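To keep things clear, I will list the structure first and then write my remarks on it.
All ligand and atom numbering here is 1-based and tracks the order in the structure. Because the structure is predicted, anything quoted here is derived from the model rather than measured.
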Amino acid sequence: MAICYNLPVFQMRHLKVMQAVEDIEGKLVRWLDSISRALTFHELELIKVETIGKSGVLTLAFKELMHLSIDDKKLFGERLNRAKNSIESAIANRLKHIEILTITEKLKNETLDITLPVVNGQFGSLHMITQTVRRIRDHYHSRGFLVLDGPEIESDFFNFDALNIPKHHPARQSHDTFYLDGLEETLLRTHTSCVQIRTMMKMGLPIRMISIGKTYRNDQLDSTHSPMFHQIEGLVVDRKGITIGHLKNELKKFVATFFEVDEVDIRLRPSYFPFTEPGMEVDCRYTKENGRLRITKDGDRWLELGGAGMVHPNVFKASGIEGPAQGFAFGFGLERLIMLRYGISDIRVIFDTDVRYLQHYA
Ligand code: DAH
C-alpha cells in the first residue's frame with residue numbers, strides 16, 4: 001500500500017508501520033526457508049543481521065511502534081513479536097544443527113587411518129628424555145645396579161624427615177614444595193632421594209641401585225628451571241668397605257659413558273646436604289671449542305654435574321638399618337645432563353612439542 005502524503009501525521013505513521021509489518025510477514029517464509037537451509041554460522045549471521053540485528057528490519061519496525069496509539073501498538077506489536085519469535089527459534093534450531101554438521105565434518109576430515117603405509121619414510125622417534133633414561137639404565141644395569149622406582153606423590157616423612165631434614169630445617173624452604181590440597185603432609189616429591197629410604201626399608205643391605213624419575217618444585221618456568229624435571233638417584237650401601245673412592249670411580253664411569261669419552265676427570269668439592277656426611281658437589285673437566293662444550297680429561301674448566309656424599313647415620317637410622325652400615329649416594333638432574341650433551345641452552349626445548357626439535361634431537 002502506498003503512503004498518502006496529505007493524511008494527518010498519526011495516520012501516516014499507522015500506514016507506515018502497517019506497511020512495514022506486512023512487508024515483514026511477506027518475507028518471513030523466505031527468511032525461515034533460508035535459515036533452514038543455511039550451512040554455515042556466517043550465513044545464519046547474515047540473516048540475523050538483516051532481520052533482528054541492531055539495525056534489522058524487525059528491530060526498526062519495533063522502534064516505530066512507540067509513535068502509535070495503544071491499540072495499534074498492541075496489534076502490530078503482537079504481529080511483529082510472532083515474526084521475531086519464529087525467526088529466533090528457527091535460528092537457534094539451525095545453529096544446533098550446524099554445530100553438529102561442523103563437528104561431524106571435522107571428525108571425518110581428521111580421521112587418521114593408522115593402517116596406511118608411512119609416507120616419505122617419516123617415522124616417529126623416541127623423545128630425548130626416553131632415550132637418555134634408557135641409556136643411563138643400560139649403563140647401570142651393566143654395572144650390577146638394580147633400577148628401582150618410587151612414587152611421585154610422597155609423604156613429607158620420605159621426602160624430608162627420613163632424609164635428616166626436620167620440620168623447620170631451612171632446606172625445606174629452599175625446595176619450594178608443591179603440597180597436595182586437603183591432604184596433610186602429602187606432596188609431590190622434590191627429589192628422588194626419597195627412593196633411598198624406601199629401598200633400605202624394603203630390601204635391607206647390601207644395596208646397589210639407581211632410580212630415575214620425575215620430581216617437582218614450585219619454580220617459574222624459564223630457560224634453566226621447570227616445575228617438573230627428572231633426577232637420577234644412586235645408592236650403594238653395605239655393612240662396611242664402601243668408600244668415597246668407590247663413589248668417585250662410579251661417577252667417573254658414568255660421566256664417561258654418558259658423554260661418550262674414554263676418560264674423564266672428576267672433582268669432589270665439599271658441600272652440604274643434610275642426608276650426607278660428608279656431602280659434596282661433583283664437577284668434571286671440560287673445554288670449550290668453537291662455543292661448544294667438550295668433556296675431556298684435559299679440560300681447563302670445571303663443570304658442575306650434581307650432588308653426592310656418604311650416607312648420613314641419621315638416614316640409616318630412619319630407614320630402620322641396624323648395626324654397621326656404610327655407603328654413598330648421588331643425585332643428578334637429568335635435563336641438565338641432556339642440555340650439556342645435546343648443546344641445548346633452554347630447558348623449555350626439551351618439553352616443547354615442536355616436531356622440528358623432536359626430529360632434530362631424535
Ligand atoms: N637430592 C639432592 C637435590 O635434589 C641431590 C643429591 C645430593 C642427592 C647429594 C644425593 C646426594 O643422593 O648424596 O638437590
Side-chain angles (χ1 to χ4, degrees), residues 136 140 145-152 154-166 169-178 187-201 207-219 224-238 242-252 254-255 266-284 303-319 321 325-337 347:
I136 295 174
Y140 281 105
F145 281 67
L146 288 177
V147 179
L148 303 176
D149 273 332
E152 288 166 31
E154 265 294 9
S155 70
D156 65 358
F157 171 77
F158 286 105
N159 197 82
F160 293 125
D161 297 275
L163 287 160
N164 202 29
I165 313 174
H169 196 285
R172 285 214 187 193
Q173 270 73 58
S174 71
H175 275 219
D176 291 318
T177 313
F178 284 117
L187 45 83
L188 295 179
R189 67 178 178 190
T190 60
H191 52 180
T192 43
S193 300
C194 344
V195 190
Q196 289 186 28
I197 312 295
R198 288 186 174 275
T199 309
M200 285 192 270
M201 281 186 161
I207 290 171
R208 195 170 163 81
M209 75 90 180
I210 61 146
S211 185
I212 311 178
K214 294 193 174 75
T215 52
Y216 303 84
R217 288 188 201 178
N218 194 355
D219 285 325
T224 52
H225 295 87
S226 160
M228 188 282 290
F229 56 102
H230 295 72
Q231 283 191 344
I232 310 147
E233 190 78 21
L235 178 70
V236 175
V237 189
D238 206 341
I242 309 286
T243 67
I244 293 180
H246 294 124
L247 166 63
K248 190 168 181 184
N249 179 54
E250 218 46 75
L251 292 168
K252 262 180 153 172
F254 169 66
V255 176
I266 293 283
R267 173 174 80 175
L268 298 175
R269 206 159 24 89
S271 184
Y272 173 71
F273 300 101
F275 35 94
T276 57
E277 184 53 43
M280 42 207 113
E281 301 284 346
V282 182
D283 298 341
C284 92
L303 185 70
E304 195 178 309
L305 291 177
M310 299 306 287
V311 180
H312 195 291
N314 288 351
V315 174
F316 288 134
K317 211 182 291 168
S319 310
I321 301 291
Q326 198 177 46
F328 64 77
F330 55 87
F332 293 116
L334 188 80
E335 284 76 8
R336 183 168 158 73
L337 291 177
I347 194 170

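- A salt bridge links Arg269 and Glu304; the closest N-O separation between the charged side-chain nitrogens and carboxylate oxygens is under 4.0 Å.
- For atom 14 (O) of ligand 1, the nearest non-hydrogen atom of the protein is Arg217 NH2, 4.0 Å.
- Within the 4.5 Å cutoff, side-chain heavy atoms of Arg172 are placed close to those of Asp161.
- Near Phe273, meaning under 4.0 Å from one of its heavy atoms, ligand 1 places the atoms 7 (C), 9 (C).
- Under a cutoff of 6.0 Å and an axis angle of 45°, Arg217 and Phe229 do not form a cation-pi pair.
- Here Ser193 has side-chain heavy atoms under 4.0 Å from ligand 1, and that is the only part of it that gets that close.
- Residue-level proximity to ligand 1 for Met310 is absent, since no heavy atom of it falls below 4.0 angstrom.
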Take Ser193 and Glu233 through the side chain to side chain donor-acceptor pair (under 3.5 Å) test and state the conclusion after the steps. CA-CA 6 Å; Ser193 300; Glu233 190 78 21; 3.0 Å; yes
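- Of all the atoms in ligand 1, the ones that sit under 4.0 Å from a non-hydrogen atom of Gln231 are 3 (C), 4 (O).
- Heavy-atom separations between Gln196 and ligand 1 include at least one value shorter than 4.0 Å.
- For atom 11 (C) of ligand 1, the closest non-hydrogen atom of the protein is Phe275 CE1, 3.5 Å.
- Ligand-side atoms of ligand 1 in range of Thr276: 13 (O), range being under 4.0 angstrom from any heavy atom.
- For the pair Leu268/Val282, a side-chain contact is recorded, criterion being any heavy-atom separation below 4.5 Å from C-beta on.
- Counting the atoms of ligand 1 from 1 in the order shown, those under 4.0 Å from a heavy atom of Gly309 are 13 (O).
- When all heavy atoms are compared, the tightest approach of Met200 to Leu235 is CG-CD2, 4.0 Å.
- Looking at Phe330 against ligand 1, only its backbone comes within 4.0 Å, counting heavy atoms.
- Regarding atom 12 (O) of ligand 1, its nearest protein heavy-atom neighbour is Glu233 OE2, 2.6 Å.
- In this pair, His191 and Phe160 present their aromatic rings tilted. The plane angle is within the 30 to 60° band.
- Taking every non-hydrogen atom of Ala329 and a distance limit under 4.0 Å, the qualifying atoms of ligand 1 come out as 12 (O), 13 (O).
- In this structure, Phe254 has its ring center no closer than 6.0 Å to that of Phe330.
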